[in-house]
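To keep things clear, I will list the structure first and then write my remarks on it.
Residue numbers start from 1 in every chain, and the chains themselves are labelled A, B, ... in the order their sequence lines are given, proteins ahead of strands. Because the structure is predicted, anything quoted here is derived from the model rather than measured.
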Amino acid sequence: MSTWKRTVSCGVISLPEVGQEVVLNGWVHRQRDFGDLVFIDLRDRTGLIQVVVDASVTPGLVALANSIRSEYVLSVKGTVRQRREGTHNANLFTGEIEIEASSIDVLNTAKTLPFVLADEENMRLVDETLRVKYRYLDLRRPKMYQMLELRHKATKQIRDYMSTQGFLEIETPIFTKSTPEGARDYLVPYRLDPGMFYALPQSPQQYKQLLMVAGCERYFQIARCFRDESQRADRLPEFTQLDVEMSFVDQEDVLNIIEGMTIDVVSALSKKQLPTPFPRLTYDESMRRYGNDKPDIRFGLELIDLEEVASQAEFSVFQQALAEGGQVKAVRYPGGASLSRREVDDLQKFCKEFGAKGLATVSVTSVEPVEVKSAIAKFLTEEQMARLLTLSEAAAGDLICIIADPKPKTVANVLSRLRNEIGSRCGLRDPNVLAFCLVTDFPLVQWDEETGKWDAEHHPFTMPHESHLAYFDTDPGKIRAQCYDLVCNGQESGSGSIRIHRPDIQSRVFQLLGIDDERQKERFGHILEAFSYGAPPHGGFATGIDRLIMNLLDEPNIREVIAFPKVGFGYDPLMDSPSSVDAEQLKELGLAIIPHKKKATTETETATEAE
RNA sequence: GCGGGUGUAGCUCAGUGGUCAGAGUGCCUGCCUGUCACGCAGGAAGCCGCGGGUUCAAGUCCCGUCAUCCGCGCCA
């Protein structure tokens, strides 16, 4: 029988255990060495505890204690005792007790680490790539294993909730089929028939619909998804979603599950305010009021339509925008009148980054009587300016930010970003609130100006509202679909739809998307055939697990909530992947590599580039 | 593909074209019986990301390049 095995974990011992003989296992968090008196903070997954080696008690142990360094792996045998008066540490759960060591086993030594785990303040600044390279060390930090624990609890909570609602967790393949529509696929070469490829799933979309045809009725999965697209702070090429599909349901049934699951998980794991029921708004309403389909509803400052004033003002920028079918809209910046000239210029620059041609501002000194500073004041009569202030619900000290553009999309995009920026600056985006909402009735398709084709807004199996079927021939852009997003604090956190189960409607959608019979058969033949054997009405959704954890922890960086994340461009500094492979492997797969132009200096080589 | 930031000791950072290779921390050595970011003394530690250029002189200025972070495009 081994004597080094733990009898109890470090972080859970307190006064009631005083007097007990214990064995602890863990890592040396810090060591404080006074020569004949040594303190060792021992750390395991549950927390920290202070171990004391005292020469007057165990003279034979001091030399060993002196030699112990950070991150050594120890087994400590000793007695739990109350700390002396005045030496309690209120920062530790175990701060009222300590372990008087009777023996210490060094189970393993450790080299000096590339960063100091115990210095949490500095760890927040350490280069991320270095932390990811040494992730197995970084994960030793309390903050990190607390994150892992929360993530575990969240997925467990989800599984429990879905189970109680009658859902079955079913795994679907990772090697699947490329679907060129949508995001770029990750491809896996097929050795037995060179030139053929599997693709990694962008989501288990088709499999879950096939499970409905199979009669599963209620499916869910905590599913890994892969999309070969550029990263953002909240986006990695490899991520996890809760994937759900249900049969014999309408949109309302699905929304109730989304909402119920979200409330169940968030309220179990977070103390943040969670306004319920989740407000619902249509896509059109969201675009009108907030300028995007993922509104941050923690604050107001809704967009203001100034067409009424702009159409009368003798200002060519406004007139032209409206004449070309555009819009003139604004957002109010509370207290923005105090911005310096330079700060207003920066706002203008901000707007131009997102495609605005300019930004008109009205700095409000007084509303009654009307007193403003504005470059556009000379184009407006006093009545028009007064009306503008009324429409904007302006108060003294505000800055009204106006965007005019022939493209409503540009107006919406710029103002929604400006609104969020103003919300941040004014401290209106309360971090203690998780403001979920459901956005419904998305357009079925969107016109792609580059390709000159209609594109599916969600995916080709999304069911249009039946009352909109007539628009297929007249104005496809007007078709609204049974399609919905879950939004949290201005971020898309999930989406789904009711699927088409009627072949006649499916073929009209394919026709609209310009996917001809041959291509349908090639890409979707399997699922269309499946639908022909009796597909039940069905629908579902998927929500991002990573983003959920980010929201629970107030963490803006997705890599902070993943055990082993990739860094920029999908690089993994820990494994040093992606990596080259043996020529033999390539040969077996029938692959030949065209050298990348990167380091080639000659100008002719670009001719071979595909993109 | 594009725009912006960063790159100097293991880590985090400072550094006016001219005694300029610096600080804090970590590391090593010594002393220390109540610390908990222990303290004190001493020491080691550098391709100033890489390659060109300007200059009498470059960590500092210019050009290029690489890496990384943030954003845009992209992400049915």
Going by 5.5 Å between centroids and 30° between planes, is there a stack of A/F39 over B/U35?
-> yes

What I want to check is whether an N or O donor and acceptor connect the side chain of [X] with the base of [N] at under 3.5 Å.
X      : N     : result
A/E128 : B/U68 : no
A/D127 : B/U68 : no
A/R69  : B/G26 : no
A/R227 : B/C74 : no
A/E98  : B/G34 : yes

Working to the nearest 0.5 Å, report the span between CG of A/L553 and CE of A/M147.
-> 8.0 Å

Value in whole Å for how far the P atom of B/G30 lies from CG of A/N66 | 9 Å

Which sits closer to the 5' end of RNA chain B, A/L125 or A/R81, going by the nucleotide each is nearest to?
-> A/L125

Select base, sugar-phosphate, or nothing to describe what [X] touches, counting heavy atoms under 4.0 Å on all strands.
X      : answer
A/T87  : base
A/S230 : base
A/S56  : base

Residue A/F569, side-chain atoms from C-beta onward, closest of B/U68, B/G34, B/U12 | B/U68

Tell me which nucleotide among B/U33, B/C75, B/C32 gets nearest to the side chain of A/A183.
-> B/C75

Can a salt bridge be assigned to the pair A/E353 and A/R417 using a cut-off of 4.0 Å between side-chain N and carboxylate O?
-> no

Contacting residues from residues 554-565 of chain A, given that a heavy atom lies under 4.0 angstrom of RNA chain B | A/R559

With pairs defined as Watson-Crick or G-U wobble and both distances under 3.5 angstrom, please note down RNA chain B as a dot-bracket string, | for pairing with another strand.
-> (((((((..((((....[...)))).(((((.......))))).....(((((..]....))))))))))))....

